[in-house]
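When reading the values below, keep in mind they use all heavy atoms of this one structure, side chains included, and skip hydrogens, waters and symmetry mates. Here is how names work: the chains are called A, B, and so on, in the same order as the sequence lines, proteins then strands, and each is numbered from 1. Just so it is clear, the model here is predicted, and its values are computed rather than measured.
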Amino acid sequence: MVSRKDNVIKTLDWWTVGLYLILVLLGWLSICGASYDYGLPDFFDLGTRAGKQLMWIGCSFCLVFVLLTLDARIYDTYAYLFYGIMILVLLAMVFNPTDIKGSHSWIVLGPVSLQPAEFAKFTTALALAKFMGEYTFSLKRTRHMITVVCMILLPCVLIVCQKETGSALVFLAFFLMLYREGMTGAVLFSGVCAVIYFIVGIRFGGDVLGDELTSAGDFYVLFLIVCFSILLVRLYCKEYGRAVSYMTLVCVGGMLLGLLFSLYVIPFDVVQLQYWICGGLLVWLLVLFLRSRIYRFLFIMFFLVVSVGFSFSLGYVFDKVLEPHQKTRIEVLLGMKDDPAGAGYNVNQSKIAIGSGGFLGKGFLNGTQTKLKYVPEQDTDFIFCTVGEEQGFLGASLVIILFSAFIVRLILLAERQTSRFGRVYGYSVASIFFFHLFVNIGMVLGITPVIGIPLPFFSYGGSSLWGFTILLFVFLRIDAARED
Amino acid sequence: MERNFRFEKRKYVIIGIVFAVALLFIIRLFSLQILSDDYKQHADSNAFLKRVRYPGRGIIYDRNDKLLVYNQAAYDITVVMKEVADLDTLDLCNTLGIDVDFFRKRIGEIKDRRLNPGYSPYTNQVFLSQLSAEECALFQEKLFRFSGFYVQKRTIRQYAYNAGAHVLGDVAETSKADLEADEYYSPGDFIGKLGVEQAYEKQLRGEKGVEILLRDAYGRIQGNYMNGKFDENPVQGKNLTLGLDIELQMLGERLLEGKIGSIVAIEPSTGEILCMVSSPSYNPRLMAGRNRGKNHQMLSNDPWKPLLNRAIMGTYPPGSTFKTTQALTFLEEGIITPSTLYSCVGGFSFRGLHVGCHGHPSPLPLIPAIATSCNGYFCWGLYHMMSAKKKYGSVQKAMNTWRDYMVSMGFGYALGIDMPGEKRGMIPNAEYYDRAYRHSWNGLTIISIAIGQGEVTATPLQIANLGATIANRGYFITPHVVKKIEGEELDSIYSVPRYTKVRKEYYEEVASGMRAAVTGGTCRLANLPDIEVCGKTGTAQNQGHDHSAFMGFAPMNNPKIAIAVYVENGGWGATYGVPIGRLMIEKYLTGTLTPEDEVLATDIQNRRINYGKQER
């Protein structure tokens with residue numbers, strides 16, 4: 001026992017631990033700033049948010065100690081068990097009667113509220129690592145790929161059922177890990193394309209070009225679809241450079257000419273023409289495939305068809321599938337709606353708070369915007385705006401740099417694993433942290449829509465802090481044992 | 001272990017994405033914090049503040065459109081500590097009529113975060129609350145001298161009459177539980193407590209509006225955002241008209257002065273409550289304004305429990321008023337006919353059991369039995385019903401049949417009045433007695449329920465509702481206090497008749513019996529010259545002095561009022577119940593009292609019942 005513990009101390013990655021400690025400390029100071037109302041600074045009083053967070057931090061350190069003492073092999077051995085238990089808990093939570101702000105994801109145990117969804121990331125990451133760590137596993141096998149996707153989607157769906165869409169979206173982070181493990185980059189590319197179509201389609205959905213015959217949103221999206229398809233041909237079928245040139249000339253040129261014709265000569269619906277052009281492109285690709293028997297052409301055709309289908313369903317998804325408040329959040333983000341009293345309020349306030357910080361900030365505990373309670377949720381989801389206001393550009397950038405360094409360090413640790421189990425788990429951890437960082441700070445800065453997920457180590461709350469601590473230190477423990 | 005070097009270089013892509021996002025964020029921060037002065041200026045000079053605009057609470061009228069409850073302007077003086085400068089403390093104190101010590105104490109309280117957890121020197125803190133317009137006028141004029149002090153307008157509830165406190169209820173600041181129960185409320189909001197104010201909170205409160213103001217970094221208000229484009233006006237609360245007749249209510253409260261008891265009057269044709277007196281009562285004005293907390297405390301510590309609305313929360317043995325229900329049940333079940341005679345020589349005596357009665361001829365048919373309130377008659381009736389093995393099969397089935405009749409007449413369950421806290425009273429059933437007597441019981445064991453004693457209890461409201469049922473000859477409409485809501489339909493349950501299990505012709509018999517009680521029986525004192533009053537006394541036995549009760553309605557045909565009077569420890573029904581019933585009916589139907597009856601009213605008002613010091 002003793003020797004193993006010595007071993008852990010020797011082999012533990014102290015860089016990561018150091019970054020962890022710095023981030024937790026900065027997080028706690030931000031909570032002090034966000035929850036502090038002039039007067040006596042009583043940060044150690046357990047009645048205040050800062051005091052409670054200190055207690056959660058203390059518990060986390062105990063947790064760290066326990067996690068480091070345990071044998072690294074148990075995570076491998078019991079991965080499926082943990083996953084199974086968590087699925088059962090999540091299933092039970094769907095029928096949980098406790099309703100906190102419309103969400104059913106909280107277990108209330110006297111003074112402590114726990115959110116099991118925060119721990120589901122850990123169990124899912126572990127189970128994925130175990131499954132993908134098997135010697136026979138290969139992402140190229142359809143059955144394996146489907147199993148992996150199901151393992152990710154199962155907890156995700158259960159969390160959506162608890163009305164915690166934000167926490168469910170975090171599971172998308174696993175695709176970054178899958179990409180590292182060999183999933184084709186086309187999936188990521190398609191994902192990015194879908195986001196672009198969505199934003200462009202919704203943003204310009206209500207606009208028209210020319211004499212109100214051509215919908216601007218549809219035109220732009222179809223234009224992009226054609227461009228992306230041609231780009232794919234250029235990237236993946238390099239030997240068909242001539243064909244690409246023709247395609248660009250005919251398709252893109254045709255669309256632009258059609259638009260000009262519609263604008264200045266005889267008005268007509270250019271979108272109709274675009275559908276014809278897409279059809280033509282499809283036939284062209286089919287001909288190329290039949291001639292060359294290169295299957296990539298088939299994939300590009302598939303991409304084209306799915307993209308057009310997506311553009312068809314865009315309006316429907318936006319109007320019918322999304323909840324009204326989600327719709328408003330997206331509209332506000334895209335600048336289509338000004339709603340300072342409702343959906344736009346938080347983001348607007350948070351931008352003002354950050355903007356008022358200037359280069360050096362107003363100093364610790366001196367933020368006036370956050371003090372006057374302008375920013376709702378300022379110690380949970382919007383904690384970063386306290387950093388921005390009180391520490392200014394310098395402090396906020398430092399936090400972002402620290403986080404990036406932390407994530408990059410995790411990626412490097414994942415790369416040095418000797419087992420695929422360790423690497424998959426490490427990448428999962430890094431991806432989850434990255435996703436949280438991206439969405440949370442993006443939201444505070446008004447880049448991504450308002451999705452209520454916490455900023456790791458900063459946002460107030462025991463569940464999230466413990467969830468992230470477990471996630472991280474299990475990885476560090478596995479990493480420390482990599483030479484065993 | 002297999003190492004796939006082809007994919008290893010993908011780590012650079014991922015690391016690249018991380019750096020790209022970090023760079024994006026830093027660029028964004030740079031543009032927000034350094035390049036653009038927009039947001040900085042926003043924060044320095046402008047920031048949004050959502051301020052609630054409060055709607056006026058709905059007004060309450062009585063059935064004759066007399067104003068009962070309205071809103072009056074009141075003023076809070078607030079202070080923002082950071083803005084206080086060069087304060088002439090003495091001048092301020094003189095203007096407000098307070099002394100300097102109080103001023104220092106108050107400021108100390110505001111700054112003490114243990115007493116005032118939400119304290120911030122940048123925001124408005126209440127310094128003095130709910131001042132009247134006069135108290136505030138001088139201060140308002142000199143406001144410019146006291147920087148940092150503000151006047152905030154609010155409203156408080158005002159009551160036009162010192163009456164009807166239990167029915168009207170009051171408003172109080174929202175408690176922690178209220179805030180958790182309904183998201184509509186924020187700390188400091190008011191919410192209805194008790195009575196109509198609580199029951200119709202949703203209608204009375206209206207809809208809050210919102211105003212988006214621009215404030216600078218020190219919290220100073222700069223004006224409305226975009227000239228109020230996004231502001232929302234509050235929606236005023238809906239006005240209510242009650243079925244209550246405030247004059248009748250005041251007479252009832254006067255008559256019950258110094259006594260513990262209750263009077264409930266109902267308009268039989270509509271189910272509207274004409275008056276609902278619970279004594280001891282209190283002045284509703286005590287519950288409005290600055291001293292509510294103190295007064296509420298005082299009232300809750302009173303051993304007579306004035307906050308209890310005995311009309312719907314007090315459950316009492318209904319006594320002889322309950323005999324009418326028995327007559328109806330026995331008639332419908334064929335146990336008796338109107339001409340059935342039962343003997344009663346000094347009461348009901350059978351197999352060693354004796355229930356006493358008072359002097360009257362024997363044997364009697366039904367109508368004189370009701371008129372003289374013969375105990376023997378109804379005990380025999382119940383005994384025969386419970387013993388009718390052939391008809392029911394067992395005493396249990398007979399008992400539950402009986403229970404169904406009582407429930408159909410509105411007993412045993414809350415009637416569903418539009419007031420919070422209604423009690424259901426008690427109607428026993430066979431299972432209850434099986435448990436209590438281990439399956440060994442019969443009609444004799446439970447005989448006292450026939451005369452409204454024993455396990456049976458009812459609220460004064462249920463007794464008044466019984467009067468309304470007889471007045472209507474077989475149905476009632478769920479009693480309700482609110483007659484009309486401005487711009488909204490009343491709940492449909494307050495317009496649908498609920499029929500009992502007894503047919504109309506038997507009700508006529510009972511009504512005749514009650515008429516006979518007034519013309520020549522126990523209720524002679526209720527015999528008004530030009531009005532055909534029907535009544536039934538009740539003298540409910542009790543540990544200690546008997547309770548005095550009366551249940552009646554008038555006029556006999558096309559009744560306008562049904563009433564129940566219940567005076568705790570008042571003795572005979574005829575002592576308090578009947579004369580109070582008489583005065584109430586007279587007042588409601590003729591609009592006034594004759595001079596002789598005015599004397600009677602004053603006499604009853606001045607009579608006191610000695611309740612001792614015991615907790616009630």
Side-chain angles (χ1 to χ4, degrees), chain A residues 37-40 42 47 101 135 176-177 179-182 185 188 338-342 345 348-349 351-359 361 368-369 371-374 388-389 392-393 396-397 400-401 403-404 407-408 411-412 414-415 418-420 427 430-431 434 437-438 441-442 445-447, chain B residues 1-4 6-8 10-11 13-15 17-19 21-26 28-34 36-44 46-50 81-82 111-113 116-123 183 210-212 215-219 225-226 229-232:
Chain A
D37 278 321
Y38 301 96
L40 303 166
D42 39 11
K101 289 181 195 158
Y135 191 71
L176 206 58
M177 175 275 288
Y179 171 70
R180 164 62 185 88
E181 291 305 311
L188 285 190
D338 197 5
D339 185 15
Y345 184 79
N348 230 323
Q349 290 301 336
K351 280 199 273 186
I352 290 170
I354 290 177
S356 73
F359 185 69
T368 48
Q369 296 292 301
K371 289 304 93 63
L372 292 171
K373 309 285 179 213
Y374 282 131
E389 185 184 10
F393 176 71
S397 306
I400 291 173
I401 289 167
F403 259 118
S404 314
I407 291 164
V408 169
I411 293 172
L412 296 178
E415 284 294 342
T418 49
S419 67
R420 185 144 77 175
Y427 260 101
S431 307
F434 174 65
L437 178 80
F438 176 58
I441 296 187
L445 296 179
I447 296 173
Chain B
M1 123 129 217
E2 155 241 15
R3 261 199 111 115
N4 196 332
R6 190 156 79 86
F7 295 131
E8 202 182 323
R10 284 190 171 180
K11 78 177 175 198
V13 177
I14 295 173
I15 291 173
I17 294 174
V18 174
F19 280 134
V21 165
L23 195 66
L24 174 71
F25 285 168
I26 290 172
R28 177 72 173 171
L29 275 175
F30 190 77
S31 81
L32 279 180
Q33 299 189 300
I34 294 165
S36 147
D37 247 6
D38 233 24
Y39 287 108
K40 194 169 162 63
Q41 264 170 11
H42 244 308
D44 282 345
N46 300 313
F48 297 129
L49 172 75
K50 278 202 263 190
M81 287 301 177
K82 274 273 162 169
K111 282 185 171 173
D112 187 339
R113 300 206 342 127
N116 184 12
Y119 174 68
S120 155
Y122 287 90
T123 57
E183 282 191 352
V210 68
E211 195 173 13
I212 300 163
R215 302 214 313 184
D216 64 13
Y218 300 98
Y225 175 66
M226 286 181 77
K229 194 173 142 199
F230 295 99
D231 294 359
E232 285 163 24

- Query: Can you tell which of B:L24, B:I15, B:V18, B:L23 has the highest number of heavy-atom pairs within less than 4.5 Å of chain A?
  - Reply: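 Of the options given, most contacts go to B:V18.
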
- Quick one: what part of A:I407 sits under 4.5 Å from any heavy atom of chain B, side chain, backbone, both or neither? side chain

- Structural part of A:L176 lying under 4.5 Å from a heavy atom of chain B: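 Both backbone and side chain of A:L176 come within 4.5 Å of chain B.
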
- Under the 3.5 angstrom rule, does the side chain of B:R28 hit a backbone N or O of A:I447 as a donor-acceptor pair?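 No: the side chain of B:R28 does not pair with the backbone of A:I447.
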
- Item | Polar side-chain atom of B:Q33 near backbone of A:G388 as donor-acceptor pair, under 3.5 Å | yes

- Task: Carefully, step by step, assess B:I14 and A:F434 under the rule side chain to side chain contact (heavy atoms under 4.5 Å, CB included).
- Result: CA-CA 10 Å; B:I14 295 173; A:F434 174 65; over 6 Å; no

- Task: Return the set of residues passing ring-ring contact (aromatic ring centres under 6.0 Å, His included) with A:F403 (not counting sequence neighbours), or none when no residue passes.
- Result: A:F458

- Message: Looking only at heavy atoms and a cut-off of under 4.5 Å, which of A:Y179, A:F438, A:Y427 has the most pairs with chain B?
- Response: A:Y179

- Picking from A:A396, A:G182, A:S404, which has the most non-hydrogen pairs under 4.5 angstrom with chain B? A:G182

- With B:I26, which residues qualify under side chain to side chain contact (heavy atoms under 4.5 Å, CB included), at least two apart?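 B:I26 satisfies side chain to side chain contact (heavy atoms under 4.5 Å, CB included) with A:F393, A:S397, A:I400, A:I401 only.
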
- Query: So which heavy atom on A:V408 is nearest to which on B:F19, and how close?
  - Reply: CG2-CZ, 3.9 Å

- Task: Kindly confirm or rule out a cation-pi arrangement of A:R180 over B:F7, judged by NZ or CZ under 6.0 Å from the six-membered ring centre and within 45° of its axis?
- Result: no

- The interface call for B:V21 against chain A, heavy-atom contacts under 4.5 Å, is side chain

- Message: Counting only non-hydrogen atoms closer than 4.5 Å, does B:I17 touch chain A with its backbone (N, CA, C, O), its side chain (CB onward), both, or neither?
- Response: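 Both parts, backbone and side chain.
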
- Message: To the nearest 0.5 Å, what is the distance between CZ on B:R10 and CG on A:L188?
- Response: 8.0 Å

